[in-house]
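Just below is one structure, and these are the notes that go with it.
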Amino acid sequence: MPAFGRVLRCAGRTLDLSAPLVMGILNVTPDSFSDGGRFTEPDRAVEHALRMVEEGAAIIDVGGESTQPGASPVSAAEELDRVVPVIERLAGRTAAVISVDTSKPEVMRAAAAAGAGLINDVRALTAPGALAAAAASACAVCLMHMQGEPATMQRNPTYADVVSEVKALLLGRAQACGAAGVPAERIAIDPGFGFGKTLAHNLELLRRLPELAASGIPVVVGLSRKSMVASLTGRVSGGRTPSDRLAAERLPGSLALAAIAVLQGACIVRAHDVAATLDAVRVAVAVRGA
Ligand code: 8Y7
């Protein structure tokens, strides 16, 4: 299904999805693998976000809960402390849509009140109260697929057919959103690369991404710096790689995946390296043609 004419309504703002957009990642967790805790203070986080907007990010995804494989859970109070000050400061200073990466209804409500326009939930609004919190806001929602929970999801991911299972789950969650009162123009879906998936699962999801896109629901992808990039390139320099080196090692592979995802129908690409990712997206758009 073509993306032309499609939009995503994010509280007061409307994103035009006729061309793919880049969502810049803003980690405000002390244990973020890629930013190494460099942006935990609100002002530095805002500075980094504004730089990503200058580079062309249409959305800034603010996350206070690490969902890296093996990461431990964070309390709502801790998450609120991390994300709300950043969203408040950012809201007055950018026209980009502010996204909150959370699964907790109380964080969704506070983020929306502070100026967020999108709720990015790796648990697809399955926490008690999350669907109602999202519906009561004017925010768009990104429903992501995950098998299991971050602490254990990479132990033994198993599917009979990964694509049909991911698609069925996501369409079911989109339907649940609709029933809870979230209009279609506020819903996006994401296969959740690396979230309870082997490398083979991730590759099959990317290869068959058009099957997800055929739903007509805008598809978001997150591939940036993920371990699948290291697996594919063979650049796996041990478990204690400094974050700058990891970021540099995984950039070319991440850009290749971003371009492929766009060719396969992705509308929004979630990435750390915004300027470079936007270049890759533009190349893919030109090759794809109108
Ligand atoms: C994704 C995500 C992460 C993703 C969406 C990481 C929060 C792990 N990955 N959200 N979040 N899609 N929508 O490596 O793939 O960035 S956290």
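Remember, it's 1-based here, ligands and their atoms both numbered in the order they're listed. Here the structure is a predicted model, which means the values were calculated and not measured.
- Heavy-atom contacts of N120 reach the following atoms of ligand 1: 5 (C), 7 (C), 10 (N), 13 (N) (cutoff under 4.0 Å).
- Of the polar atoms of R270, at least one N or O is found under 3.5 Å from an N or O of ligand 1, judged by distance alone.
- Separation of atoms OH (Y159) and NE2 (H201) is listed at 6.5 Å; rounding is to 0.5 Å.
- Between M153 and G148 the shortest heavy-atom distance is CB-C, 4.4 Å.
- One N or O on the side chain of R250 and one on the backbone of R225 form a donor-acceptor pair closer than 3.5 Å.
- Those atoms of ligand 1 with a heavy atom of C142 less than 4.0 angstrom away are 13 (N).
- Distance alone, capped at 3.5 Å, places no donor-acceptor pair between the R155 side chain and the G196 backbone.
- If you number the atoms of ligand 1 from 1 as listed, the ones under 4.0 Å from a heavy atom of Q68 come out as 6 (C), 8 (C), 14 (O).
- Between the choices N27, L118, D190, the shortest heavy-atom distance to atom 5 (C) of ligand 1 belongs to D190.
- Between R123 and E65, at least one side-chain nitrogen of the basic residue sits less than 4.0 Å from a carboxylate oxygen of the acidic one, meeting the salt-bridge criterion.
- The proximity of V122 to ligand 1, defined as any non-hydrogen pair under 4.0 Å, is limited to the side chain.
- Counting atoms of ligand 1 from 1 in the listed order, those under 4.0 Å from a heavy atom of G222 are 4 (C), 15 (O).
- Under 3.5 Å, the side chains of D121 and S103 contain a donor-acceptor pair of N or O atoms.
- Between atom 9 (N) of ligand 1 and the options K226, M144, M228, the minimum heavy-atom separation is to K226.
- Counting the atoms of ligand 1 from 1 in the order shown, those under 4.0 Å from a heavy atom of D101 are 7 (C).
- Counting only distance, with no hydrogens or angles, the side chain of D273 and the backbone of T277 share no donor-acceptor pair below 3.5 Å.
- Checked by atom type and distance alone, the side chain of K226 pairs as donor or acceptor with a backbone atom of F193 at under 3.5 Å.
- At a 4.0 Å cut-off, not a single heavy atom of M23 sits close enough to ligand 1 to count as contact.
- Close contacts between ligand 1 and T67 involve ligand atoms 17 (S) [criterion: under 4.0 Å to a heavy atom].
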